[in-house]
Structure formats: C-alpha cells, structure tokens
Protein chains: 2
Amino acid sequence: MELKKRILIHDIAKHLDVSIATVSLVLNGRAKEKRISDVLAERVLNYVNEVGYKPNQLAKSLRSGKTHVLGLVVEDIANPFFATVARLIERKALENGYHIIYCSTNRDTAMTKDILTMFEERHVDGYVLALPEGLESEVSALVRSGKPLVMFDRVLSGVPANAVVVDGATGMYEAAQHLLAQGYKSIALITIMHGQTQMITRRQGYAQALREHNLPELVSEIELDQEPAQIVGQMESFFQAHPHCEAVLFTTNYLGLYGLEALNRLGWSVPNRIAVISFDDNALFRLYSPPITVVAQPLEVMAEEIIKVLLTALKGAKPTNGMVLLQLTPKLLIRQSSIRPSESTRANLK
Amino acid sequence: MELKKRILIHDIAKHLDVSIATVSLVLNGRAKEKRISDVLAERVLNYVNEVGYKPNQLAKSLRSGKTHVLGLVVEDIANPFFATVARLIERKALENGYHIIYCSTNRDTAMTKDILTMFEERHVDGYVLALPEGLESEVSALVRSGKPLVMFDRVLSGVPANAVVVDGATGMYEAAQHLLAQGYKSIALITIMHGQTQMITRRQGYAQALREHNLPELVSEIELDQEPAQIVGQMESFFQAHPHCEAVLFTTNYLGLYGLEALNRLGWSVPNRIAVISFDDNALFRLYSPPITVVAQPLEVMAEEIIKVLLTALKGAKPTNGMVLLQLTPKLLIRQSSIRPSESTRANLK
DNA sequence: AAAATATGCTAAAGCCTTTTAGCATATTTG
DNA sequence: CAAATATGCTAAAAGGCTTTAGCATATTTT
C-alpha cells in the first residue's frame, strides 16, 4: 500500500558507485570548479534525470542557510494595489527560482512584528516590505544583519534601507495643479490618519500646490480602524460640512472608493457638483462613470526594480554596498471626473 | 562587528545542565507525556523565555517532516476574488500557526505542474488549490499520497478530493430567472472557453432557465489568452452581431468588467439598452452606475470551510476519512443594472 | 629522478532539531 | 524482601543535504 520510498542522494551515489559529495557537487554546478570529470558529471546528471531525483529542499536549506524563499509583507493582499504588485513580484521571483511567502499586516504593528519574527525563523533569504510605522528598530536590525531587504510604497523614517517608492509629492502636486488650472479654488484632500511616509509626501504635494496659489488647505484625516460604513459616513459629514468644496483629492485607492460611495449617497454628481481625483489607478476608476482621474503608479516598473534590487543583494556578496533609494514618477491620467463642466452644463444642473 | 551568535537548543541544555532531549520535549509540550517533572519543565520554559530562544524551523521541519506551511495555488492573485479569498485564508491559517506560500497559475497547466512539484519539494503540509484543467493525474497522486488537500472554486473532473465550491448552477439559474421574470426574452451568456468545472455549472444554470421558458441560448465563449483590448473588442462584436439582445450574464468578475467596457464603447446604456448581471461581487460592481446585479459568492464562509477541512486533515490522522465536498449557495444581489426600466423610460431613450 | 603541481575524487563533519530506546533510582506489589 | 512497576531523565540516532580538508595517482617542472 505504501508508495515507493523517496529517492535520496545516497541512492544516486550508490547506484553510480561514486561518493555522495560528487553527486552533490555536480548537481550544484560545481563540477568544473571541483574538477569532476565531464564524463562523470554527465553520467550523474543523466541518472538523476532518469530517476527524477529531487533534492530535499529542507535539508539543503538547513545545511546551506539558503531557503530561496522571499518574505513579502503588504498592508492587505486584497487591496488591488498590493495584489497587483504581489502578482508582478511573484512572477519575477519565480523566474529567478525564488518563492514567495506573504503576510498582510492590516496596519497592525504588533502583528507585523510577529510576522517579521516568523519570517526570520523561517530563514527567508530576503524581504520585500510595505510596513506600518513603529518597526524602525526591527528593520534597522534586519538591515544591519545584512539580510537583503527592500522597502516599497513607503519607508520608515530614519531607517537606511533599500527602497522603491513613488514620488507622491509630485504626483499630488500635478493633480492639484490640474484642478487649479481649471479654476477650482476650494480643493479638499482626504487622507488617512496614520503617518506613513507615502501619505505624508502625497499630502505635501497637495499643500505646496495650494500654497503657491495662496489657497487654504482643506484636509480630512480618516481613521481607518472603523467599519467601512462609518468611514463613508465620516466622509459624507465632511462634504456636508464643506458645501463650497468644488474638488477633492483622495490619497489612496480605497479612500477614493469610499469617497465615491459617499458622494453617491449625497447625490453630488461628479464632476458637475464636485471634481474627483484619486491616487492609484485600478479597474474601477477606469470604468466608473464618469471615469476617475488618477495619479497612476508605475506598478510594473516598481515590481521590476524591487526584484532587481533584491536579486542584486542576494547574489552580490558586498554587504555594505550602499543603499538604493529609487523614486519612481507617477503619471496623472486625466479622465472625465476632473474636467470642469462648461458653465452652461453647470447651470443646467443647478 | 558580528552580531551575537544565534542561540541553540544546545546552549539552553548546557546552561540548565539538562539534556537537549529534555528541553526539546518541554518545548514541544510533551513534558507530561514524557514524565518531565513540572518544576524542571518550568525552569526550562522560564530560561527559554528569558533568553528568547527560538528553535530553527528548518531543522525542526527536516526532522519532523512538518513545515507548517500551506501551499496556495490560485489563478491570479490580482483577481479580487482570489485576492479576497487568499486574504481570508491567510488570516485563519496564521491563527492556527500556518504560513502561506502561494503561486498564481495564470491558467497555464505546464507552469502549474511545476508549481505543484515545487510545493512538494518544499514539503508544504497542505494544499489549497484552484487549478486549471489537465492536472487530474497529478492531483490524484497527491490525494493518494495522503497530503491534506482542498480544491476550491472549481474541481477537477474525476478526481476525488476535498472541495469547497459554490453552486454556480443555482446562482446562474436564479439570475436568469430574475431576468426572465421581468419579461426579458433575449438573454446572452458570456463565458470563457476553458472547460473549468465552475464555468460549466454556471452555464448549465443559465441553460436550464432558458430551456424552461423555451427560449434559445445565446452564448459567447471568450478566449482569454489575448490582450484585454482584444477581449473587449470581441465582446463589442458579439453585441453588435446580436442587436436584439436585451440582457447579458457574465460568468466571472473579469468578464463582467470587460463587458461593461465593451458596452460603454458601444454606447449601450445599462439597464435601458441592456440588462447586466455578473457572477462574483466586488467593489466595482457595487459602486458602478448603475450598480451591477451580481451572483455573490460567500467568500468568508468559503475561506472558513477551506481552512476547516484542511486543519481537520492536518490534525486528524485518519487518511481515508472520506472526502468532503461542500457546495455553498451564492446569493443574487439585485441592483439597478438588471431592473427593467418602465416603458416610458425606454421610450424616452429611444 | 626527486620535487612540485595538477587531477579526480571522497570521507566525514556539520547544519539543528526530534524522537526512540533505555538507564538508573524510587515506589509498589505479591 | 525479591520482583514488578513507576518515575525522571538522557544518549544517541536520525533527518538529507553541503562543504572542507585531504588522499591517491598522474603529470609537469627542475
């Protein structure tokens, strides 16, 4: 009833009447280096192929210290931004023989600390991290330990680590300028309460644009640790409290979603009653009526660079090679939601 | 410059002047069973806590054969359906001390075969699988090997494995009935070409509803291995070729998306020119104008049941305990996109 | 022709745990 | 009081691989 026993390197060696070491060396491409004759190397390879021997990865890892697993930490794998980046990273990692083990933090610092510990226990070879705040010392320690590591989307302030981020300041600045150029004066920003670096820079872009035009800021900070319905409600209240508001910028895709829902409920039509721009593109924004103007992040490039940095660190032995800090430029995709209607249209709708 | 050496079980034993075995047994909760005195057990636990010793998971895994890692295979982690299920599974797995390693298949059978092999090499403790066709023998072998395994979303025909699926036939039947009840006669179905089981049953539900009303089927099968723009184009052609079509059912969320884009381009307004229902709910459908009627899958329950089945198999020793085949009932969420406009409204728009 | 070097391979240590068999000593039983 | 059983713990094997030091033999150098 038992299936045939798993074949071991020992069996290969025995059958070919060579040593285990020889088989191992050949299998790891160190035959030349270790002066195993070509003919023997080939004999080994052939037999291994023939019987379909696959080394036990656990044993390999235990001995070599390499697991060929990358730890991916995102805020929420169900968020299209992270899901898409994860998908792209996954593909490129796989192409290079690495597997992904992932966890969602849900912005919970304590839980994230556990996740990092678990990843360490599991001896992941490298880290791809989009972390909540409060893990500065942990990540610093990781960096110091020399483990390949890339932060993305956001960084931790004061932690000198490789990072691939998007220039949210410029992105938001351009978005705001686009609104200002059309004569909008009362432009709101809806952002989150946590001080993640990417949110701060996005807000700065908005602030600078308004400052240049001597216009006052109008900002709502949303506490995310509440039910979706409450968040929508909070936004409704905000809009109601600012009936003069003509345009609104959302700093993330999910805020944009909640915002659209809030505007729906209020019956504020877009863009007639209010213009809308969100950070971070996705299918919904593209297909919404009207299509939503967005600051699109270059996801593909992002994933590519993340993996590139990581692979370099994984291969290159140089420990203190200096950090890579890559700032990618987002792209304002102007769609209908931010185009000021003609006066006649507005009048019609009054 | 070097950080302090990682602490080993050996160090613990030495410091406490007990054997390694004792420490191991205590740490694995087998103190009682192996008659380690309570006082010693506590001494061990205290010291371990004090110095923060964490066993090397690789060594544990190698020795015990358990990795506490689950392999998750989905069609595309960037698809909101899979991303959401992944998120829910992840949470519950973590609660039970399991980590997730995942891969997207992209409907590529050959690549998926590799993925399964890799998972096996990595000695995952269990599998959660939404597979493309063509892996019947591989999965059968896995099942026979006794590895805990749950298929979800779809099954492989003829493979007797645990499975958690959604009753797409009933879901689509009800959706079609809803349209028929409103007097729609020419109802199209847009589905994919591949013969995945879940797609087949969804189509059957549609077919049965039409049959009961003696209405002809109107089906378009989309080949997914093309560019998005082409898919949209194909749907446009389909609609143009069937101008009498009054309503359309999409069998997946992404088909629904493409379909909405196609209808947009054609200028066919929903639901005035054509009623729309899609399988599988998500934020876009909820927020779209008009909101799209969907056959919503019970994602939370799904994830819960998947993990429940898996954990039972992981704990329970019984190898041939019989298979679990769970069929969950989806829910028709009627929104505006499938509500037949009054005659006057229609006339207005003519 | 002896010494040095190159060639081709292997023995065995090491990675860090878990787990089994079993050794003393103490207690109970007949 | 000897034999049986219980108690509390440990030595050592096992898990499957990588890697280092080094052993013969063959070839080249002085």
Side-chain angles (χ1 to χ4, degrees), chain A residues 4-45 47-48 51-69 97 120-125 317, chain B residues 5-45 47-48 51-69 97 120-123 125 317:
Chain A
K4 57 176 175 276
K5 245 183 79 177
R6 210 185 146 80
I7 182 167
L8 305 179
I9 195 171
H10 172 86
D11 305 322
I12 304 285
K14 194 165 217 168
H15 179 268
L16 294 176
D17 200 32
V18 297
S19 78
I20 289 182
T22 303
V23 178
S24 174
L25 291 170
V26 169
L27 250 33
N28 290 296
R30 301 181 58 196
K32 278 268 139 47
E33 169 194 350
K34 288 295 183 174
R35 301 182 306 225
I36 310 288
S37 65
D38 289 1
V39 44
L40 177 49
E42 188 150 340
R43 217 153 59 83
V44 170
L45 252 17
Y47 185 65
V48 163
V51 298
Y53 163 70
K54 307 270 181 199
N56 180 324
Q57 293 298 323
L58 289 172
K60 276 183 92 122
S61 296
L62 175 59
R63 180 59 235 245
S64 64
K66 304 266 160 254
T67 53
H68 276 244
V69 171
E120 199 175 346
E121 283 173 42
R122 290 207 181 282
H123 295 255
V124 300
D125 285 350
Chain B
K5 247 183 72 178
R6 212 189 142 81
I7 182 166
L8 305 180
I9 195 171
H10 172 85
D11 305 323
I12 305 286
K14 193 166 218 168
H15 179 269
L16 293 176
D17 201 33
V18 298
S19 77
I20 289 183
T22 303
V23 178
S24 174
L25 290 170
V26 170
L27 250 33
N28 291 295
R30 301 182 56 195
K32 279 267 137 49
E33 168 195 348
K34 288 295 183 172
R35 299 182 307 228
I36 310 288
S37 66
D38 288 2
V39 45
L40 177 50
E42 188 149 342
R43 219 154 57 84
V44 170
L45 251 18
Y47 185 65
V48 163
V51 298
Y53 163 70
K54 307 270 180 197
N56 180 323
Q57 293 297 324
L58 290 172
K60 276 184 92 121
S61 295
L62 175 59
R63 181 57 235 244
S64 65
K66 305 266 158 252
T67 53
H68 277 246
V69 171
E120 199 174 348
E121 282 173 42
R122 291 208 178 280
H123 294 254
D125 286 352

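First the proteins, then the strands, lettered A, B, ... as listed; each starts at 1.
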How many Å lie between [atom1] on [X] and [atom2] on [N], as a whole number?
X: A/Ile20; N: C/dA11; atom1: CD1; atom2: P; value: 9 Å
X: A/Arg6; N: D/dG16; atom1: CZ; atom2: C1'; value: 10 Å
X: B/Ile9; N: D/dT10; atom1: CD1; atom2: P; value: 12 Å
X: B/Leu25; N: D/dA11; atom1: CG; atom2: P; value: 13 Å
X: B/Lys34; N: C/dG22; atom1: NZ; atom2: P; value: 12 Å
X: B/Asp38; N: D/dC9; atom1: CG; atom2: C1'; value: 14 Å
X: A/Glu42; N: C/dC9; atom1: CD; atom2: P; value: 14 Å
X: B/Lys32; N: D/dT7; atom1: NZ; atom2: P; value: 13 Å

Can you find a heavy atom in the side chain of [X] that is under 4.5 Å from one in the side chain of [Y]?
X: B/Val69; Y: B/Arg122; value: no
X: A/Asp11; Y: A/Tyr53; value: no
X: A/Asn56; Y: B/Leu62; value: yes
X: A/Leu25; Y: A/Glu33; value: no
X: A/Asn28; Y: A/Lys60; value: yes

For this session: Name the residue closer to the 5' end of DNA chain D, choosing between B/Lys60 and B/Ile36 according to the nucleotide with the nearest heavy atom.
Result: B/Ile36
Exercise. Taking N and O atoms by type only, does the side chain of B/Arg35 place a donor or acceptor under 3.5 Å from a partner on the base of D/dG8?
Worked result: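 Yes, the side chain and the base share a sub-3.5 Å donor-acceptor pair.
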Exercise. Any N or O donor-acceptor pair linking the side chain of B/Arg63 to the base of C/dT18 at under 3.5 Å?
Worked result: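 Looking at the base of C/dT18, it does pair with a donor or acceptor on the side chain of B/Arg63 (distance under 3.5 Å).
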Does [X] have a side-chain nitrogen or oxygen under 4.0 Å from the phosphate oxygens OP1 or OP2 of [N]?
X: A/Tyr53; N: D/dG16; answer: no
X: A/Asn56; N: D/dG15; answer: no
X: B/Ser37; N: D/dC9; answer: yes
X: A/Thr22; N: C/dC9; answer: no
X: B/Ser24; N: C/dT18; answer: yes

For this session: Can you figure out which of D/dG16, D/dC17, C/dA11 approaches the side chain of A/Ala21 most closely?
Result: C/dA11
Exercise. With a non-hydrogen cut-off below 4.0 angstrom, is A/Leu58 in contact with a base, only sugar-phosphate, or nothing?
Worked result: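 No contact.
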